[in-house]
K.L.:
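Take this structure, written in structure tokens, and hold onto it; I'll ask about it next.
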Amino acid sequence: MEIQIRHPKLSEYDEVEAIMKQVQQMHVDWRPDIYQYTRTVLPFDVFEQSVKDETIFVAEYCGHVAGILLIMYRHTKGPNLITRNTIFIDSMAVDEKYRGKGIGHAFFGLLKKLKDQKGYDGIELQVNAKNKAAYQMYSNYGFTEKSINMELF
């Protein structure tokens with residue numbers, strides 16, 4: 001089956017929100033001390049602005065929205081830092097019904113293309129420490145650890 005990566009239509013909000021709720025539920029299951037159930041994970045106005053800014057993409061598979069990708073373009077500059085432009089993956093999620101179909105790989109292809117087109121320095125993301133499957137997928141794709149967040153209770 002062919003995967004088409006494109007910007008979503010506003011009418012696809014409910015499908016995007018359903019995938020975001022799957023991700024939120026995983027976070028709640030892993031860390032109920034931090035995450036909680038919410039009726040809305042991605043408010044419509046944020047979705048609408050992301051569509052307008054072209055910072056949200058969907059993967060269409062068999063005529064369905066099967067995955068979502070939310071990105072931010074970052075410009076890092078400081079007296080002790082090398083100036084860098086990066087694409088930050090805010091959220092990447094695949095509907096549980098469509099996992100293992102190559103949708104993540106298709107998103108990475110898009111990200112590499114965007115990075116090259118814009119002349120950016122890299123692609124960055126954060127992954128939940130409990131999300132071993134995502135960590136492995138990112139590692140297999142060539143991502144390496146940049147920093148590690150730690151906490152003390």
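Any value given below was found using the heavy atoms of this structure, including those in side chains, with hydrogens, waters and symmetry copies removed.
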K.L.:
Does atom CG of Leu10 have more than 12 heavy-atom neighbours from other groups under 6.0 Å away?
P.N.:
yes
K.L.:
According to side chain to side chain contact (heavy atoms under 4.5 Å, CB included), who are the partners of Asp33, at least two apart in sequence or on a separate chain?
P.N.:
Arg31, Phe153
K.L.:
Can you spot which of Ile89, Ile87, Asp90 makes a side chain to side chain contact (heavy atoms under 4.5 Å, CB included) with Leu125?
P.N.:
Ile89
K.L.:
Among residues two or more places apart or on two chains, list those pairs meeting side-chain hydrogen bond (donor to acceptor under 3.5 Å, both in side chains) that have a residue in residues 63-75.
P.N.:
His75-Asn85
K.L.:
Where is the tightest heavy-atom contact between Val127 and Ala134, given as atom of each residue plus distance?
P.N.:
CG2-CB, 3.9 Å
K.L.:
Once rounded to the nearest 0.5 Å, what's the spacing between atom CD of Glu2 and atom SG of Cys62?
P.N.:
11.0 Å
K.L.:
Short question: side chain of Lys132, backbone of Ala129 - any donor-acceptor pair under 3.5 Å?
P.N.:
yes
K.L.:
Tell me, with the steps shown, if Ile71 and Leu114 meet side-chain contact (heavy atoms from CB on, under 4.5 Å).
P.N.:
CA-CA 11 Å; Ile71 63 171; Leu114 285 173; 4.0 Å; yes
K.L.:
Side chains of residues 50-59: which donor-acceptor partners sit under 3.5 Å, not counting sequence neighbours?
P.N.:
from: Ser50; atom 1: OG; to: Val46; atom 2: O; distance (Å): 2.9
from: Asp53; atom 1: OD1; to: Gln49; atom 2: NE2; distance (Å): 2.9
from: Asp53; atom 1: OD2; to: Gln49; atom 2: NE2; distance (Å): 3.3

K.L.:
From Asn149 CG over to Asn128 CG, what is the distance, rounded to the nearest 0.5 angstrom?
P.N.:
10.5 Å
K.L.:
List the steps and the verdict of side-chain contact (heavy atoms from CB on, under 4.5 Å) for Val41 and Val23.
P.N.:
CA-CA 9 Å; Val41 179; Val23 172; over 6 Å; no
K.L.:
Could you list the residues that satisfy side chain to side chain donor-acceptor pair (under 3.5 Å) with Glu48, not counting sequence neighbours?
P.N.:
none
K.L.:
Kindly give the cluster partners of Leu152, where membership spreads through any ILVMFWY side chain lying under 4.5 Å from a current member.
P.N.:
none
K.L.:
So which heavy atom on Tyr37 is nearest to which on Gln25, and how close?
P.N.:
CD1-OE1, 4.5 Å
K.L.:
What residues form a ring pair (Phe, Tyr, Trp, His ring centres under 6.0 Å) with Tyr13, not counting sequence neighbours?
P.N.:
Phe44, Phe47
K.L.:
Using the side-chain contact (heavy atoms from CB on, under 4.5 Å) rule, take Glu15 and Ile19 through it: C-alpha gap first, then chi angles, then the decisive distance, then the call.
P.N.:
CA-CA 7 Å; Glu15 293 171 89; Ile19 295 170; 5.8 Å; no
K.L.:
Can you tell me how far OH of Tyr120 sits from OG1 of Thr86, rounded to the nearest 0.5 angstrom?
P.N.:
8.0 Å
K.L.:
First locate atom NZ of Lys97, then atom CD of Gln22, and finally report the distance between them rounded to the nearest 0.5 Å.
P.N.:
6.5 Å
K.L.:
Check Phe107 against Ala93 and note the closest heavy-atom contact, atom names and distance.
P.N.:
CE1-O, 4.3 Å
K.L.:
Test of understanding: with side chain to side chain contact (heavy atoms under 4.5 Å, CB included), list the residues that count as partners of Glu145, not counting sequence neighbours.
P.N.:
Tyr135, Ile148
K.L.:
Is it the case that over 12 heavy atoms from other parts of the model lie below 6.0 angstrom from the NE2 atom of His105?
P.N.:
no
K.L.:
Any chance you could lay out the side-chain contact (heavy atoms from CB on, under 4.5 Å) test for Met137 and Met92, step after step, and finish with the verdict?
P.N.:
CA-CA 12 Å; Met137 178 184 67; Met92 182 166 63; 3.9 Å; yes
K.L.:
Are Leu69 and Val16 joined in one hydrophobic group, where the rule is that I, L, V, M, F, W and Y side chains link up if heavy atoms are under 4.5 Å apart?
P.N.:
no
K.L.:
Find the distance between CD1 (Ile5) and CG (Leu111) and round it off to the nearest 0.5 Å.
P.N.:
9.5 Å
K.L.:
Taking ring pair (Phe, Tyr, Trp, His ring centres under 6.0 Å) as the definition, give me every residue that meets it alongside Phe143, ordered by chain and number, with sequence neighbours left out.
P.N.:
Phe108, Tyr138
K.L.:
Taking only residues two or more places apart in sequence, or in another chain, which ones meet Phe88 in a ring pair (Phe, Tyr, Trp, His ring centres under 6.0 Å)?
P.N.:
none
K.L.:
State which residues pass ring pair (Phe, Tyr, Trp, His ring centres under 6.0 Å) with His27; sequence neighbours excluded, sorted by chain then number.
P.N.:
Trp30, Tyr35
K.L.:
Tell me which pairs pass salt bridge (charged side-chain N to carboxylate O under 4.0 Å, His left out) where either residue lies in residues 103-128, with sequence neighbours left out.
P.N.:
Arg84-Glu124, Glu124-Lys146
K.L.:
Using the test side chain to side chain donor-acceptor pair (under 3.5 Å), find all partners of Gln24 that sit at least two apart in sequence or belong to another chain.
P.N.:
none
K.L.:
Give, for atom CG of Leu42 and atom NZ of Lys21, the distance between the pair rounded to the nearest 0.5 Å.
P.N.:
11.0 Å
K.L.:
Does atom CD (Gln117) have a neighbourhood of more than 12 heavy atoms from anything else shown, all under 6.0 Å?
P.N.:
yes
